[in-house]
Engineer: 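Quick one: structure below, then a few questions.
Predicted model, so just to flag it, every value in this text is computed and none were measured. Reckoned from all heavy atoms, side chains included, excluding hydrogens, waters and symmetry mates.
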Amino acid sequence: MDQEIRQVMWELLSERGPQKSICPSEVAKKCFPEGWRIHMEVVRKVAYEWAVEGKVMITQKGIPVDPARVKGPIRIKIKN
């Protein structure tokens, strides 16, 4: 399951490019069209892992945030 999430997340990020971001719900909806909400936590977990690895940046209101401390809605962006 994580591998599919990673693949879809990277596809969406690549389509948008480094200047734009995606919402974790976009990944969840594409991977799990039925009942996507219950998969949001695992999608966010993958995003947090990538942020720690330096692949992506987690933002809130366009401002980078620490994935270990973030609460609430986030966006995911390719790290330049």
Side-chain angles (χ1 to χ4, degrees):
M1 177 171 33
D2 281 10
Q3 188 58 35
E4 180 184 3
I5 291 169
R6 291 175 200 286
Q7 181 179 345
V8 169
M9 188 178 295
W10 196 252
E11 287 172 4
L12 291 171
L13 286 165
S14 297
E15 288 171 7
R16 298 273 167 87
Q19 301 304 317
K20 303 221 177 196
S21 63
I22 64 170
C23 179
S25 66
E26 294 175 73
V27 178
K29 288 175 185 175
K30 193 162 183 176
C31 291
F32 313 99
E34 300 293 321
W36 60 270
R37 282 184 177 87
I38 63 172
H39 299 282
M40 284 294 292
E41 201 56 42
V42 71
V43 172
R44 288 172 66 108
K45 179 185 81 75
V46 168
Y48 297 158
E49 289 170 0
W50 276 5
V52 169
E53 292 172 13
K55 287 183 170 183
V56 300
M57 181 184 322
I58 304 296
T59 64
Q60 284 185 317
K61 298 181 182 178
I63 300 168
V65 294
D66 180 351
R69 297 184 178 174
V70 68
K71 292 185 181 186
I74 64 166
R75 303 281 299 176
I76 308 162
K77 184 176 181 179
I78 294 176
K79 194 166 185 178
N80 295 353

Engineer: Could you give all pairs that pass the salt bridge (charged side-chain N to carboxylate O under 4.0 Å, His left out) test and reach residues 20-33, with sequence neighbours left out?
Structural biologist: Arg16-Glu26
Engineer: Could you tell me the separation between the CD1 atom of Ile58 and the CD1 atom of Ile63, rounded to the nearest 0.5 Å?
Structural biologist: 14.5 Å
Engineer: Taking the side chain as everything from C-beta on, heavy atoms only, tell me whether Lys77 gets closer than 4.5 Å to Pro18.
Structural biologist: no
Engineer: Which pairs pass side-chain hydrogen bond (donor to acceptor under 3.5 Å, both in side chains) with one or both residues in residues 55-75, sequence neighbours excluded?
Structural biologist: Ser21-Arg75
Engineer: Between Met57 and Ile78, is there shared hydrophobic-cluster membership here, with clusters defined by ILVMFWY side-chain heavy atoms closer than 4.5 Å?
Structural biologist: no
Engineer: Quick check on the hydrophobic clustering: are Val8 and Leu13 connected, directly or via other members, by side-chain heavy-atom contacts under 4.5 Å?
Structural biologist: yes
Engineer: Applying ring pair (Phe, Tyr, Trp, His ring centres under 6.0 Å), which residue pairs with at least one partner in residues 56-80 are found, sequence neighbours left out?
Structural biologist: none
Engineer: Compile the donor-acceptor pairs under 3.5 Å between side chains in residues 47-54 and protein atoms, sequence neighbours left out, one pair per line.
Structural biologist:
| residue | atom | partner | partner atom | Å |
| --- | --- | --- | --- | --- |
| Tyr48 | OH | Arg44 | NE | 3.1 |
| Tyr48 | OH | Arg44 | NH2 | 2.6 |
| Glu49 | OE1 | Arg6 | NH2 | 2.7 |
| Glu49 | OE2 | Lys45 | NZ | 3.1 |

Engineer: Sequence neighbours left out, what passes side-chain hydrogen bond (donor to acceptor under 3.5 Å, both in side chains) with Gln7? Give chain and number order.
Structural biologist: Glu11
Engineer: For the residue pair Pro24 and Ile76, what are the closest heavy atoms and their distance?
Structural biologist: CG-CD1, 4.0 Å
Engineer: Give me each pair satisfying side-chain hydrogen bond (donor to acceptor under 3.5 Å, both in side chains) with a member in residues 31-42, each pair once, sequence neighbours excluded.
Structural biologist: none
